[in-house]
Amino acid sequence: MKKAIAVFASVFLFALFVAQGIATAGEVAAAISADDALKMMKEGNERYATDKMTHPHAGAARRQETSKGQTPFATVLGCSDSRAPVEEVFDRGIGDLFIVRVAGNVSNVDELGTAEYGAGHLHIPLIVVLGHTKCGAVTAVAKGAEVGGNIKALVSGIIPAASRSKAKGLKDDALVSDAITENVWQSITDMFAKSEEIRELVHAGKVKVVGAVYDLESGKVTWLGQHPNQAKLLGGHEEKKGH
Ligand SMILES: [Zn+2]
């Protein structure tokens, strides 16, 4: 009888975990779509922003399970800023997210090579380009700060975004805030311009690329959706629907 109760309890708990999007990596990878992955990201951030984190997929059992292989469900291109920790922000754990963090969440060679590996080899259906409020890299470019060393090349990708925001006549905080959003679009634009692999996967409906901005104070992520000019950026073709 005790055994029957234990079996029932474990089946119930498993169903509960699946319902909450906290299934194990293998189960998630089996059938997850970009839209399901996006839903899990949204729900995770909702838990984080409301202080209801569940800290899934932590600990020894999960380490043991994922030591056999990884099946993350989303790639995140985020900023290195210490206040924007990606697994925390989306309340995820070991083996869930494939993450690139670089100042200003720019799309350069190394970042795109990493994203291509995630999309092409790990079959990750979703790429999130995640900017954040009060981003130092975007602020430096928007305010025309002098930068030296390797930082100059790093932030050069942000210049077109800051220029668009300045052209709107914005100043100070409004300028920086707008440039942060523009920089997410710029990073996606550069991703499509420089990565034939990602263009083809998006065109084939195997990968979805969305923008988002994380608010350092509220903890909330504002979801921007796909690039408004995605069809044009992909080369004049609309991506297939219903994957
Ligand atoms: Zn930043």
Residue list, side-chain contact (heavy atoms from CB on, under 4.5 Å) with Glu46, at least two apart or on another chain: Thr50

Are any of the side-chain heavy atoms of [X] and [Y] separated by less than 4.5 Å?
X	Y	result
Phe73	Ile124	no
Val76	Val100	no
Met40	Leu38	no
Val128	Leu126	yes
Thr133	Ser177	no
Leu201	Glu116	no
Glu87	Ile94	no
His132	Asp215	no

Nearest-0.5 Å distance that lies between atom [atom1] in [X] and atom [atom2] in [Y]:
X	Y	atom1	atom2	result
Lys206	His123	NZ	NE2	8.5 Å
Lys194	Glu111	NZ	CD	8.5 Å
Met53	Phe90	CE	CZ	11.5 Å
Leu224	Thr222	CG	OG1	7.0 Å
Asn229	Thr189	CG	OG1	7.5 Å
Thr71	Ile32	OG1	CD1	9.5 Å

Given salt bridge (charged side-chain N to carboxylate O under 4.0 Å, His left out), test Glu217 with Lys134 step by step and report yes or no. CA-CA 10 Å; Glu217 287 168 90; Lys134 303 187 178 178; 3.1 Å; yes

Examine distances only and state if a side-chain atom of [X] and a backbone atom of [Y] form a donor-acceptor pair shorter than 3.5 Å.
X	Y	value
Asn183	Gly104	yes
Arg92	Val86	no
Ser156	Ala153	yes
Thr139	Cys135	yes
Glu200	Glu197	no
Arg199	Leu234	no

Answer yes or no: does atom NZ of Lys168 have more than 12 heavy-atom neighbours from other residues, nucleotides or ligands under 6.0 Å? yes

Can you confirm whether Lys166 is buried at NZ, in the sense that more than 12 heavy atoms of other residues, nucleotides or ligands lie under 6.0 Å from that atom? yes

For [X] versus [Y], what's the shortest heavy-atom pair and its separation?
X	Y	answer
Ala119	Val207	CB-CG2, 3.9 Å
Asn45	Val221	OD1-N, 2.9 Å
Leu77	Ser187	CD2-OG, 3.6 Å
Val147	Val155	CG2-CG2, 4.1 Å
Ala179	Ala161	O-CB, 4.1 Å
Leu130	Asn105	O-OD1, 3.4 Å

Stepwise side chain to side chain contact (heavy atoms under 4.5 Å, CB included) check, Leu122 with Gln70: CA-CA 8 Å; Leu122 298 176; Gln70 62 168 328; 3.7 Å; yes

Closer than 4.0 angstrom, basic N to acidic O: yes or no for [X] and [Y]?
X	Y	result
Glu43	Arg47	no
Lys52	Asp91	no
Arg164	Glu182	yes
Asp96	Arg62	yes

Decide whether Phe98 and Val89 are clustered together by the hydrophobic rule: side chain heavy atoms of Ile, Leu, Val, Met, Phe, Trp, Tyr closer than 4.5 Å, transitively. no

Check the hydrophobic clustering (I, L, V, M, F, W, Y; side-chain heavy atoms under 4.5 Å; chains of links allowed) and say if Met191 and Tyr117 are grouped together. no

Val102 vs Leu154, side chain to side chain contact (heavy atoms under 4.5 Å, CB included): CA-CA, chis, key distance, verdict: CA-CA 9 Å; Val102 57; Leu154 169 71; 3.6 Å; yes

Candidate pair Asp190 and Val106, rule side chain to side chain contact (heavy atoms under 4.5 Å, CB included), full reasoning: CA-CA 8 Å; Asp190 292 341; Val106 293; over 6 Å; no

Walk me through it: do Phe192 and Val202 pass the test side chain to side chain contact (heavy atoms under 4.5 Å, CB included)? CA-CA 9 Å; Phe192 287 143; Val202 171; 3.8 Å; yes

With Val176 as reference, evaluate Asp173, Asp178, Ile180 under the side chain to side chain contact (heavy atoms under 4.5 Å, CB included) test and give the passing residue. Ile180

Can you say whether the rings of His227 and Trp185 are parallel (under 30°), tilted (30 to 60°) or perpendicular (over 60°)? perpendicular

Members other than Leu170 in its cluster, when Ile, Leu, Val, Met, Phe, Trp, Tyr link by side-chain heavy atoms under 4.5 Å? Leu175

